[in-house]
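Read the structure below first, then the notes.
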Amino acid sequence: MPELPEVEVTRRGLAPQLAGRVISAVEVREPRLRWPVPQAVRKLAGRTVRAVLRRGKYLLVDCGDGHLILHLGMSGSLRMLAPGTPAQKHDHFDLVLGDRVLRLRDPRRFGAVLWTKDAVHAHPLLANLGIEPLSRALDPARLYALTRKHRAPIKQFLMDGRRIVGVGNIYASESLFRAGIDPRTPANRLSLARCARLAKAIKDILRAAIRAGGSSLRDYVGANGEHGEAQSRHRVYEREGQLCRSCGAKIRRLVQGQRSSYYCPRCQK
DNA sequence: CTCGCCACCTGGGGGC
DNA sequence: TGCCCCCAGGTGGCGA
């Protein structure tokens, strides 16, 4: 599920349900996530949640004297439930806030639940993150400058969180299609004009996905857990062999950095 | 520094 | 039905 749009919509769904509320209990059923869930997380009861923030794909729960850091990995999801809702397989972590429970489910356990008392942006996992794609920091000149030193294919550059955060495997392919750029193009061979096109494409694609995920993801966070509608909007992702909706050519798949990339050989040069 | 690759983990789907 | 292989929305860490 989780690329930037889903994490952001999750954040928007959670924030009003968590902010201002007191943590009454914590339950860790399975501490073996990407990193062991630290003992401090089990001792959060009594703290008041001030805000829920996002940095890249990390969710940051501001508890006043520290932050709970959540990451959904490849398969994680968060839901608000009524207390006493039976935990199912892969429901590893609960944050209980009186009459509501925030529950983390993550079959593959690539996600994380961490705690830091220090300035959260100085945390080792956050300190070296790249720019937020929906902020003004991502503009044509900045993208052009960032790409200059990188000979790696632009698809892999986009997915490198040390340059730009939040663009995952789906939206890297979708953004490159929208910008008309071949995913194999070396990053440092993009002109300023193409960087401008790409920066705008990334913002447009992510914003549209947030809007599309909005309604379904509100349910997702609140109760059900069904997939959003973003899937039906994909132009190239997981469409190998199907026809390009713009030109009719067959969409192709290739492997870059052990991840699938999808592109239209006619629309993307 | 950048890069290429492996690792972590579970589950679903297809071929035989 | 079972087995085996491939694939999956992330990303830290390794050696070159």
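Note on naming: letters A, B, ... go to the chains in the order of the sequence lines (proteins, then strands), and numbering restarts at 1 for each one. Excluded from the calculations below are hydrogen atoms, water molecules and symmetry mates; all remaining heavy atoms, backbone and side chain alike, are included.
Pairing for dG9(C) is absent, judged as Watson-Crick or G-U wobble with the two contacts each under 3.5 Å.
With hydrogens and angles disregarded, no donor-acceptor distance shorter than 3.5 Å links the side chain of H92(A) to the backbone of V28(A). Counting only distance, with no hydrogens or angles, the side chain of R194(A) and the backbone of G180(A) share a donor-acceptor pair below 3.5 Å.
Atom CG of L198(A) sits about 14.0 Å away from atom OH of Y144(A), to the nearest 0.5 Å. In this structure, CG on D99(A) lies 5.0 Å from CZ on R21(A), to the nearest 0.5 angstrom.
For the pair L126(A) CG and dG12(C) C1', the computed distance is 13 Å after rounding to whole Å. One interatomic measurement links the two molecules: CD of Q256(A) to P of dA8(C), which rounds to 13 Å at whole-angstrom precision. Spacing between atom CG of L33(A) and atom P of dT11(C) amounts to 15 Å, rounded to whole angstrom units. Straight-line distance from the CE atom of M74(A) to the P atom of dG12(C): 14 Å, rounded to whole Å. The distance from atom CZ of R259(A) to atom C1' of dT11(C) is 9 Å, rounded to the nearest whole Å. The nearest whole Å value for the distance from the CD atom in Q156(A) to the C1' atom in dG10(C) is 14 Å. Atoms CG (D106(A)) and P (dG10(C)) sit 13 Å apart, rounded to a whole Å. Atom CG in L146(A) sits roughly 15 Å away from atom P in dC1(B) (whole-Å rounding).
Across the P atoms, dC3(C) and dC9(B) are found 22 Å apart, a figure rounded to whole Å. Taking atom C1' on both dC3(B) and dG9(C), the two are 24 Å apart, rounded to the nearest angstrom.
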Show me the side-chain donor-acceptor pairs of residues 130-142 of chain A shorter than 3.5 Å, one per line, residues at least two apart or across chains.
from	atom 1	to	atom 2	distance (Å)
E132(A)	OE1	R54(A)	NH1	3.0
E132(A)	OE1	R54(A)	NH2	3.3
E132(A)	OE2	R55(A)	NH1	3.0
E132(A)	OE2	G56(A)	N	2.7
S135(A)	OG	E132(A)	O	2.8
S135(A)	OG	A137(A)	N	3.1
D139(A)	OD1	A141(A)	N	3.3
D139(A)	OD1	R142(A)	N	2.8

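Here L125(A) lies in heavy-atom contact (under 4.0 Å) with sugar-phosphate atoms only. Among the heavy atoms of the strands lying under 4.0 Å from G73(A) are primed sugar atoms or P, OP1, OP2 only; no base atom is included. When heavy atoms are screened at a 4.0 angstrom cut-off, R105(A) is found touching no nucleic acid atom at all. Using a 4.0 Å heavy-atom cutoff across all strands shown, Y58(A) reaches sugar-phosphate atoms only and no base atom.
The side chain of H71(A) places no N or O atom within less than 4.0 Å of a non-bridging phosphate oxygen (OP1 or OP2) of dG10(C). Close to dC7(C), at under 4.0 Å from its OP1 or OP2, lies a side-chain N or O of R253(A). In this structure, R162(A) does not reach the dC3(B) phosphate: none of its side-chain N or O atoms is under 4.0 Å from OP1 or OP2. A close approach under 4.0 Å does not occur between any side-chain nitrogen or oxygen of Y171(A) and OP1 or OP2 of dG10(C). Contact annotation: K57(A) reaches the phosphate of dT11(C) (side-chain N/O to OP1 or OP2, under 4.0 Å).
For the residue pair T147(A) and N188(A), no side-chain donor N or O sits within less than 3.5 Å of a side-chain acceptor on the partner.
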Using a cut-off of 4.0 Å between protein heavy atoms and nucleotide atoms, how would you tag nucleotides 7-12 of chain B 5' to 3' with B, S and -?
-BBBS-
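Environment of NZ in K203(A): crowded, with over 12 heavy atoms of neighbouring residues, nucleotides or ligands closer than 6.0 Å.
A 4.5 Å side-chain heavy-atom check between F177(A) and C267(A) finds at least one atom pair inside the cut-off.
Taking only side-chain atoms of Y237(A), from C-beta outward, the nucleotide of dC3(B), dA8(C), dG10(C) with the closest atom is dA8(C).
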